[in-house]
Amino acid sequence: MAHGPARAAAGDAVQAGDVVVVGLLERFPPFHEWRADQPAPSGMDVELLTELSRQTGLRFRYERFVEYPALLQALADGRIRLATAIAQTPDRALTLRFTRPYASVQQAFVGPAAITSVPATPDLSGRRLAVTRGYVAESIAAERFPAAARPAYGTLQEALDAVQRGDADFVFEALPTLRTLVAERPGSGLAVLRSYGFPEGHLRLAADLRDAALVRQLDATIAALDPAFTKALRDRWLPPAPVVLPAPAPALEVAPLRVGYLPGDLPFSAEVRPGVADGLGIRMMNEVARRAGLSIASFVPMDLASGLQALADGRLDVMLGLTDVAERRARMSFVGPYRANPLVLISQRQFSVWDLQQLAGQRLAMIRGYFGTPYVRAAYPNVDIVECAGFDECLTLVEQGRAEAALYGLQGAYARLGPRAGSTLHITGTVAGLYDEHNLGVSLARATLAPRLRDALNAVLAEDMPRIEREWAAAEQQDRVDWARVRLSAYAAAAVLAVLLLAWWWHSRTLRLEIERTRRARQESEQYLAFLAHEVRNSLQSVSGAVALLRGSSPGPGEQPLLDVLGRSSRATLGLLNALLDRHRLHEGQLALELRPESLERCLREAADEARPMAQAKGLALVFERRTPLDGWWRLDALRLQQVLRNLLVNAVKHTEAGQVHLAAGLEPSPRGERWRRLVVVVADTGSGLSAASREHVFERFHTDGGDRPGSGLGLALSRDLVRAFGGSIEAQSRAGEGAAFTLAFDIEAADAPAPAQPGQVERVLVVEDSQVYGLLLRQAFENQGVAVVLVETLEAARAALVASVAGAGETTPPLDLVLCDRFVGDGDAGALLRFVREAVRPGVRLPPVICMSAEVEPGTRERLLADGAREVLLKESDVKVFVQRVLAQAAAPAPA
């Protein structure tokens, strides 16, 4: 085919009737398939393009390819204009434009059905991993399994043939495609052995960078597709695989199993008293043995090194909690894994260690025989590894300063640190590419039992593990009396009481002087408290971001409750700190309202929708009543108004056991003129109500009364202060046992509707952010909006990216449409980057606008950055999706004169 017809309209506006040539692979089911004997292609992508053709009037013509690199080359050469089922990567973003995702898939391994363990270690336990050239799975495998052999093949069928011949051990590719191709090979002995959520593949349509108009039209059409159509499309082509559980196996006439376990590997295994073992892993193993028709002779506590040796010598039949690595496979078989956790670093609170790079020339405590030791030594040769017999000994080394950090799995580290009341240690970071996987290690003398144990383990994980986890959690919550600790606590309490009595006697003599001194120091104390709250808030935002990232990595059933607890706790503490900071700003007169055109209807409805799940969980109705029409645009600080409503609604739900919570709003005439209205909002509940004494003090700071409405005492006081900042008032009407009603009222001014954002104005953004967690969340949020991201951590790297963007002029390097820069990064502040952009402006040189962001914006900061050339200065938000929408709205707004 000549190059001209495919590229004729590239970069120009597309219109109905244009012919777009699409490249399809001969075999990539269920997304597209076009064998030589098929007159026309079929698959999910073809059906999607048919619908897009119907809505846009474009005509799609297809060209068949056997190998993926040839398809990508044809796209680069202009012989085709569009490709489907493409995953967006940083490398591809340099040459291609992408639509938003239309499907998501997991990656998976296919191999001989007899294999009982598929590890995720960097060397894949010495196995050979077949990949297909040009597929995104090839780059994922190179990142996740850098030490594994990765033979590449031209097509996925060739890779499967290699595994079937024994030239490779596994094929790594998209789960739906592998599932379809394996089903076509009955009797091959191949099976889908394991699926992964890292990363979840987002499939998109892609075109050349110069074909922006085509991509924008297809992206907008995909965004407007009827959800019923997209759901039916995915249900038809990407149905979930049926779960087939094996029946319990008949009992075997074999010797009972001797099972070893790590006595301190909470929550999986522990020696609760001499000769008695318990934990998630112990209970799981009992169920596995029952389903496999086997019996257990004993559970034997052993440290890791001794357990590995006993398993190799045949003194143990099975060992719990082992990671499948190559150096162990010659001495044992593996079944699993049944649990996987990221590896985390534990260090002292005053000397936090965030990553292994930081430990160059310092000491890292690791359990003797731990699977990760060879990888740490190879990748970080400057780290001094200090071996210890068990995790508790490793923690002791860190506490005593004989090691700067320890390394262990997330869930185990969290469980072990919890009981250490008053511990000076905490979890500070993760180790990329390493996972603490729990497998069953099986002695070679019992290797014939491995397939039976694998089938039983899969059945237990699918059917029994949720029950086991609930039962274990209930057992852990039972009180266990430690008399030694009770006696120690009694002595400590007596000593503290004596000190308090002495302090009371001493301070009673100088009480008047202390009160006066406290009054003089109050302002300094509040400033310090606000500073401290600000610093702690930065750490909590990183915790919330890390929880969001872990949620996106397909956590196991035992990890999800842990992530839920971490997420709720960090959000609750973050809300308390934000309230404290806002109260301090109000007290100091530094809180400025951001009034801009907002939809009042949307603002109130979102507040009600946010509180509704909490109400439904208690069996309550949450009703939103419009007493007058609320449509139109009004000048509001929606963030602060929703903050007040959130406080009132959460309090109402919290203190109502039956009935309903009622949010009512209406607009009344205002004496300030025709464009003004008085907004009146009422939040009422049918709960316990307020006593007369509580009603008088309900808006006072830190007043909780301990009875009627306990809490921190900040929410209602802050709500009152915010409403006063609006120029309004808030009142409480209530009687004990008869519910409560809070009424707030203030004047608002009508506003003109904001100009709609023009789609496609921002297609590539440079993000300068030295917090890795927040940077990754920003990248994900921008890409979900169809915006490519270049993420850097320093001003030096930002300047290099801007120079490359200008020098490439859209040919070698795509142009940047926007720069989003944190106010402070490691090598300077945003003002330095703004000066660089301002000084670089010359005839013919176009640099993108810069938007600054910060966790805290003091008075005068915004004005200074705007004077330096910033388009806008935005306050960071923990909800990055909302924050990115604000950024894109600012970018789409007309530049200030």
Side-chain angles (χ1 to χ4, degrees), residues 117 120 194-197 240 243 245-246 248 259-273 276-292 294 296 299 301 318-323 334-344 391 408-420 427 435-441 453-480 546-570 617:
S117 172
R194 183 177 180 183
S195 62
Y196 287 90
V243 179
L245 298 175
V259 181
Y261 69 93
L262 301 170
D265 191 21
L266 288 172
F268 303 102
S269 56
E271 189 175 29
V272 294
R273 55 182 181 274
V276 178
D278 200 0
L280 289 174
I282 300 295
R283 299 186 182 198
M284 179 205 70
M285 187 63 207
N286 281 318
E287 289 294 330
V288 169
R290 182 185 66 81
R291 282 185 174 268
L294 303 169
I296 296 177
F299 286 99
V318 176
M319 182 77 182
L320 300 178
L322 298 185
T323 301
F334 290 91
V335 174
Y338 56 86
R339 189 58 53 90
N341 289 286
L343 285 185
V344 296
F391 183 56
Y408 204 60
L410 170 64
Q411 193 166 5
Y414 182 80
R416 303 298 294 280
L417 286 176
R420 287 176 171 245
I427 298 172
Y435 291 83
D436 181 24
E437 295 192 324
H438 286 222
N439 292 264
L440 305 179
L453 288 171
R454 176 200 60 196
D455 294 342
L457 176 63
N458 290 338
V460 169
L461 293 177
E463 287 192 328
D464 302 319
M465 206 59 188
R467 172 184 56 82
I468 292 173
E469 290 174 338
R470 288 194 302 270
E471 292 173 352
W472 170 252
E476 276 290 281
Q477 292 170 1
Q478 295 176 357
D479 293 334
R480 298 177 179 174
V547 169
L549 290 177
L550 288 173
R551 287 182 189 277
S553 63
S554 298
E559 296 168 300
Q560 189 63 50
L562 173 63
L563 293 177
D564 291 340
V565 171
L566 285 173
R568 286 195 301 270
S569 298
S570 61

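Remember, it's a predicted structure, so these values are computed and weren't measured experimentally. Computed over heavy atoms, backbone and side chain alike; hydrogens, waters and symmetry mates excluded.
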J.: Specify the closest pair of heavy atoms between Glu271 and Pro301, including all atoms of both residues, with the distance to one decimal.
T.: OE2-CG, 3.9 Å
J.: Rounded to the nearest 0.5 Å, what separates atom CG in Leu294 from atom CG in Asn286?
T.: 12.0 Å
J.: Would you mind reporting whether Val318 and Val335 have side-chain heavy atoms less than 4.5 Å apart?
T.: no
J.: Classify the ring geometry between Tyr408 and Phe391 as parallel (under 30°), tilted (30 to 60°) or perpendicular (over 60°).
T.: parallel
J.: Of all residues at least two apart in sequence or in a different chain, which pass the salt bridge (Lys or Arg N to Asp or Glu O under 4.0 Å) check with Glu287?
T.: Arg290, Arg467
J.: Would you check, one step at a time, whether the test side chain to side chain contact (heavy atoms under 4.5 Å, CB included) holds for Trp472 with Ile282?
T.: CA-CA 10 Å; Trp472 170 252; Ile282 300 295; over 6 Å; no
J.: Kindly indicate whether the side chain of Arg283, heavy atoms from C-beta on, has any atom under 4.5 Å from the side chain of Asp464.
T.: no
J.: Is the backbone of Leu322 close enough, under 3.5 Å, to the side chain of Asn439 for a donor and an acceptor to pair up by distance?
T.: yes
J.: Shortest non-hydrogen contact from Thr323 to Glu437?
T.: OG1-O, 2.8 Å
J.: Pick from Val460, Val288, Leu320: which one makes a side-chain contact (heavy atoms from CB on, under 4.5 Å) with Tyr338?
T.: Leu320
J.: So, for Leu461 and Pro466, which heavy atoms are closest and what is the spacing to 0.1 Å?
T.: O-CD, 4.3 Å
J.: Taking atom OH of Tyr435 and atom CZ of Arg339, what is their separation to the nearest 0.5 Å?
T.: 15.0 Å
J.: Which value, rounded to the nearest 0.5 Å, describes the distance between Asn458 atom CG and Arg291 atom CZ?
T.: 10.5 Å
J.: Please report the closest heavy-atom contact between Ser269 and Tyr261, naming both atoms and the distance.
T.: CB-CD1, 3.7 Å
J.: Evaluate the criterion side chain to side chain contact (heavy atoms under 4.5 Å, CB included) for residue pair Val259 and Leu440; output intermediate values, then yes/no.
T.: CA-CA 10 Å; Val259 181; Leu440 305 179; over 6 Å; no
J.: Measure across Leu343 and Asp436 and return the closest heavy-atom pair with its distance rounded to 0.1 Å.
T.: CD2-CB, 3.6 Å
J.: Is there a side-chain contact between Arg194 and Pro337 (heavy atoms, below 4.5 Å)?
T.: yes
J.: Given side chain to side chain contact (heavy atoms under 4.5 Å, CB included), test Met284 with Leu457 step by step and report yes or no.
T.: CA-CA 8 Å; Met284 179 205 70; Leu457 176 63; 3.8 Å; yes
